[in-house]
Amino acid sequence: MFDTLDARKRQARKVVTRLRKTYPVAECALHHDSPFQLLAATILSAQCTDERVNSVTPTLFSRFPDPESLASATQEQVEEIVKPLGFFRAKATNLRGMAQTLVDRHDGVLPQSLDELVKLPGVGRKTANVVLGTAFGIPSGVVVDTHVRRISNLLGLTESQNPEIIERDLVAILPKKEWINYSHRMIHHGRQICIARRPKCLECPMLKICPRVGLSPLES
DNA sequence: ATCCCGAGGG
DNA sequence: CCCTCTGGAT
């Protein structure tokens with residue numbers, strides 16, 4: 001769609017402008033009171049809406065508010081709490097392993113580098129970028145989740161389906177200042193307007209710059 | 001490429 | 001019934 005790097009940068013600028021105008025406050029929707037809790041909530045958010053994560057984290061964090069307490073929890077205790085989220089065995093295992101690793105190797109404190117965060121059980125680039133950007137204000141990359149992937153493809157900002165390549169493409173055309181906000185706003189946009197199943201194109205602030213329009217019937 | 005896993009929408 | 005929801009590990 002956009003052949004040159006320059007063309008994609010121009011498109012990216014338009015997208016960023018309209019996102020900022022439409023969603024002035026870009027915030028993380030996962031409830032948390034500490035970087036550790038944000039990390040735990042983000043691990044739980046895999047293949048599951050943030051609302052559902054928020055429905056179990058009050059219980060989880062009231063019983064296990066920090067790495068030490070979560071590391072000492074039993075598998076059954078954690079599974080019971082996270083069961084409604086799906087993947088409950090893997091998520092419970094990852095949460096406990098993550099907490100145990102923090103206690104054993106990091107003095108119970110979150111490392112502030114992508115390389116170290118990614119070594120924690122259940123933590124990939126997406127989760128590490130969320131924590132670095134949102135909890136520590138360190139823009140180490142762009143968070144690429146299902147919404148960012150889908151809409152970035154739709155808007156012609158990348159052609160790839162591979163999250164790592166998508167992140168590389170986005171990093172190349174977005175100002176570093178916008179990395180964190182871009183993801184938060186895209187995720188919000190994906191949930192409210194550009195919904196995967198049934199996009200509300202007629203309400204979309206980016207209708208005029210969306211290459212999809214004209215190629216297929218407009219969704220209401 | 002496949003598995004983990006459950007809930008809700010269309 | 002199929003798809004999607006802030007993925008990650010094997």
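Note on naming: letters A, B, ... go to the chains in the order of the sequence lines (proteins, then strands), and numbering restarts at 1 for each one. Every heavy atom of this structure was used, including side-chain atoms; hydrogens, water molecules and symmetry mates were not.
- Across every non-hydrogen atom of A:Q75 and A:A92, the tightest pair is NE2-CB, 3.5 Å.
- With a 4.5 Å cut-off on side-chain heavy atoms, A:T57 and A:Q37 do not count as touching.
- Comparing A:S45 and A:G122 by the nucleotide of DNA chain C that holds the closest heavy atom to each, the one mapping nearer the 5' end is A:S45.
- In this structure, the side chains of A:Q47 and A:K91 stay at 4.5 Å or more apart for every pair of heavy atoms.
- Within the structure, salt bridge (Lys or Arg N to Asp or Glu O under 4.0 Å) pairs that include any residue of residues 126-138 of chain A do not occur (at least two apart or interchain).
- DNA chain C is contacted by A:I187, A:R191 of residues 182-195 of chain A, taking any non-hydrogen atom closer than 4.0 Å.
- Atom CG of A:L132 is separated from atom C1' of C:dT6 by 16 Å (rounded to the nearest Å).
- Side-chain contact, A:R150 with A:H147: a donor N or O sits under 3.5 Å from an acceptor N or O.
- Looking at residues 138-167 of chain A, you'll see A:D145, A:T146, A:H147, A:R150 sit with a heavy atom under 4.0 Å from some atom of DNA chain C.
- For the pair A:S45/A:D50, no side-chain contact is recorded, criterion being any heavy-atom separation below 4.5 Å from C-beta on.
- Between A:T22 and A:Q192 there is no side-chain heavy-atom pair separated by less than 4.5 Å.
- A:D104 and A:T101 are not linked by any side-chain donor-acceptor pair at a separation below 3.5 angstrom, with hydrogens and angles left out of the test.
- B:dC5 sits 14 Å from C:dT4 when the C1' atoms are compared, rounded to a whole Å.
- Side-chain contact between A:H189 and A:C204 is present, with heavy atoms from C-beta onward closer than 4.5 Å.
- Using a 4.5 Å cut-off on side-chain heavy atoms (C-beta onward), A:L157 and A:Y182 make contact.
- Residue A:L44 is out of contact with every strand shown, counting any heavy-atom pair closer than 4.0 Å.
- The shortest distance between side-chain heavy atoms of A:E167 and A:N129 falls below 4.5 Å.
- Contact annotation: A:Q47 reaches the phosphate of C:dG7 (side-chain N/O to OP1 or OP2, under 4.0 Å).
- For residues 27-41 of chain A, proximity to DNA chain C is found at A:C28, A:A29, defined as any non-hydrogen atom under 4.0 angstrom from a strand atom.
- In this structure, the CZ atom of A:R125 is 10 Å from the P atom of C:dG8, given to the nearest Å.
- At a non-hydrogen distance threshold of 4.0 Å, A:C48, A:T49, A:D50, A:R52 from residues 48-61 of chain A come into contact with DNA chain C.
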Next on the checklist: Before you tell me yes or no, could you show the steps for A:E116 and A:K119 under salt bridge (charged side-chain N to carboxylate O under 4.0 Å, His left out), namely the whole-Å CA-CA distance, both residues' side-chain angles and the distance that decides it to 0.1 Å?
Outcome noted: CA-CA 5 Å; A:E116 289 301 317; A:K119 289 179 187 168; 3.1 Å; yes
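- You'll find the side chain of A:N94 stays beyond 4.5 Å of the side chain of A:F87, heavy atoms only.
- Rounded to whole Å, the P atom of B:dG10 lies 14 Å from the corresponding atom of C:dT6.
- At a threshold of 4.5 Å between side-chain heavy atoms, the hydrophobic network of Ile, Leu, Val, Met, Phe, Trp and Tyr places A:V118 and A:L110 in one connected group.
- The hydrophobic cluster containing A:I180 does not contain A:V144, counting ILVMFWY residues as joined when their side-chain heavy atoms lie under 4.5 angstrom apart, directly or transitively.
- At whole-Å resolution of the value, CG in A:N129 and C1' in C:dG7 are 13 Å apart.
- A:M186 and A:V142 fall within a single hydrophobic cluster, where Ile, Leu, Val, Met, Phe, Trp and Tyr are joined by side-chain heavy atoms under 4.5 Å apart, directly or via other members.
- The side chain of A:T127 contributes an N or O atom lying less than 4.0 Å from OP1 or OP2 of C:dG8.
- Within residues 76-102 of chain A, the residues approached by DNA chain C to less than 4.0 Å at the level of any non-hydrogen atom are A:F87, in residue-number order.
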